[in-house]
Amino acid sequence: QVHLMESGGGLVQPGGSLKLSCAVSGSIAIFGAVGWFRQALGKEREFVGTFTWSGDMTYYADSVMGRFTISRDDAKNTVYLQMNSLKPDDTAVYYCAAATRPLPYPSSSQGRKYEFWGQGTQVTVSS
């Protein structure tokens with residue numbers, strides 16, 4: 001059984017930074033893609049970004065392009081989401097998700113394509 005656990009959320013002022021972690025109980029090498037999604041209160045879940053092992057590609061939603069960066073540490077079985085220049089609109093519960101099969105973009109932007117999900121971590125951007 002695969003488990004994903006996010007951490008690193010919290011309260012940050014606009015313009016600040018946070019780095020979220022997604023720890024995997026097992027080797028991340030079995031995954032074809034790891035994605036980050038978020039869901040704000042009263043809104044639908046939305047795609048944030050994804051990393052695909054096929055070609056080592058990353059893709060981001062337009063709303064976070066240039067501000068968020070996905071990286072990974074295979075030795076630690078962890079995927080990260082570095083978030084800079086945070087805005088109040090970035091306030092949401094952030095989830096990481098993993099798929100065991102390769103997910104080419106734009107399929108990797110669709111949450112229903114992922115098999116495993118973490119429990120989420122709250123990010124609040126407010127002064």
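These numbers were taken from a predicted model, which means no experiment stands behind them.
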Enquirer: Are F37 and M5 linked, directly or through intermediate hydrophobic residues, by side-chain heavy-atom contacts shorter than 4.5 Å (ILVMFWY only)?
Expert: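 No.
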Enquirer: Indicate yes or no: at least one non-hydrogen side-chain atom of K113 is less than 4.5 angstrom from one of T50.
Expert: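 SC-SC contact between K113 and T50 ruled out.
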Enquirer: Taking the side chain as C-beta and beyond, is there a heavy-atom pair between R67 and Y60 under 4.5 Å?
Expert: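 No; the side chains remain at least 4.5 Å from each other.
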Enquirer: Quick one: which of T91, D89, L18, L11 gives a side-chain contact (heavy atoms from CB on, under 4.5 Å) with V125?
Expert: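 For V125, the side-chain contact (heavy atoms from CB on, under 4.5 Å) test succeeds with only one of T91, D89, L18, L11, which is T91.
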Enquirer: If you define the side chain from C-beta out and look only at heavy atoms, does anything of V2 sit under 4.5 Å from F31?
Expert: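 Yes, side chains in contact.
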Enquirer: Determine whether Q82 and Y80 make a side-chain contact, defined as any pair of heavy atoms from C-beta on separated by less than 4.5 Å.
Expert: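 In short, these two side chains do not touch, never coming nearer than 4.5 Å.
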Enquirer: For the residue pair A92 and A40, what are the closest heavy atoms and their distance?
Expert: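 Scanning both residues completely, I find the closest heavy atoms to be CB-N, 3.7 Å.
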Enquirer: Judged by modelled atom types alone, do E115 and T100 share a side-chain donor-acceptor pair under 3.5 Å?
Expert: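 Judged by distance alone, the side chains do pair up.
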Enquirer: So F47 and Y105, would you call those rings parallel, tilted or perpendicular, with 30° and 60° as cut-offs?
Expert: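 Plane angle between 30° and 60°, so tilted.
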Enquirer: Linking I/L/V/M/F/W/Y whenever their side-chain heavy atoms sit closer than 4.5 Å, directly or via other members, would V79 and V123 fall into one cluster?
Expert: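 Yes, V79 and V123 fall within the same hydrophobic cluster.
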Enquirer: Drop me the distance from Q122's CD to E6's CD, to the nearest 0.5 angstrom.
Expert: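 Result: 12.0 Å between the selected atoms.
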Enquirer: Please test Y114 against S108 for side-chain contact (heavy atoms from CB on, under 4.5 Å), starting from the C-alpha separation and ending with a verdict.
Expert: CA-CA 8 Å; Y114 291 83; S108 55; 3.5 Å; yes
Enquirer: Does a side-chain heavy-atom distance below 4.5 Å link F51 with D56?
Expert: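 They are in side-chain contact.
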Enquirer: So, taking the atom named OH in Y94 and the one named SG in C22, what distance separates them when rounded to the nearest 0.5 Å?
Expert: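 These two atoms lie 15.0 Å from each other.
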Enquirer: Carefully, step by step, assess W36 and F68 under the rule side-chain contact (heavy atoms from CB on, under 4.5 Å).
Expert: CA-CA 11 Å; W36 286 95; F68 291 12; over 6 Å; no
Enquirer: Hey, what do you get for CZ (R72) to OG (S21), rounding to the nearest 0.5 Å?
Expert: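 If we round to the nearest 0.5 Å, R72:CZ and S21:OG are 15.0 Å apart.
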Enquirer: Is there a side-chain contact between R38 and S63, using heavy atoms and a 4.5 Å cut-off?
Expert: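 Yes. Closest side-chain heavy atoms under 4.5 Å.
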Enquirer: According to a hydrophobic-cluster definition based on side-chain heavy atoms being under 4.5 Å apart (Ile, Leu, Val, Met, Phe, Trp, Tyr only), do V34 and V48 belong together?
Expert: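 Yes, one cluster joins them.
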Enquirer: What are the two closest heavy atoms between P14 and S126, and how far apart are they?
Expert: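 Looking at all heavy atoms of both residues, the closest pair is CD-C, 3.6 Å.
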Enquirer: I want to check something: taking the side chain as every heavy atom from C-beta on, are V12 and M83 in contact at a cut-off of under 4.5 Å?
Expert: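 With C-beta onward as the side chain, the pair stays apart.
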Enquirer: Is V24 reachable from W117 through a run of I, L, V, M, F, W or Y residues, each pair having side-chain heavy atoms under 4.5 Å apart?
Expert: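 No.
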Enquirer: In Å and rounded to the nearest 0.5 Å, what is the OG1 to NZ distance from T69 to K19?
Expert: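 If we round to the nearest 0.5 Å, T69:OG1 and K19:NZ are 10.0 Å apart.
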Enquirer: So Y95 and L4, do their side chains get closer than 4.5 Å, heavy atoms only?
Expert: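 Sidechains of Y95 and L4: no contact.
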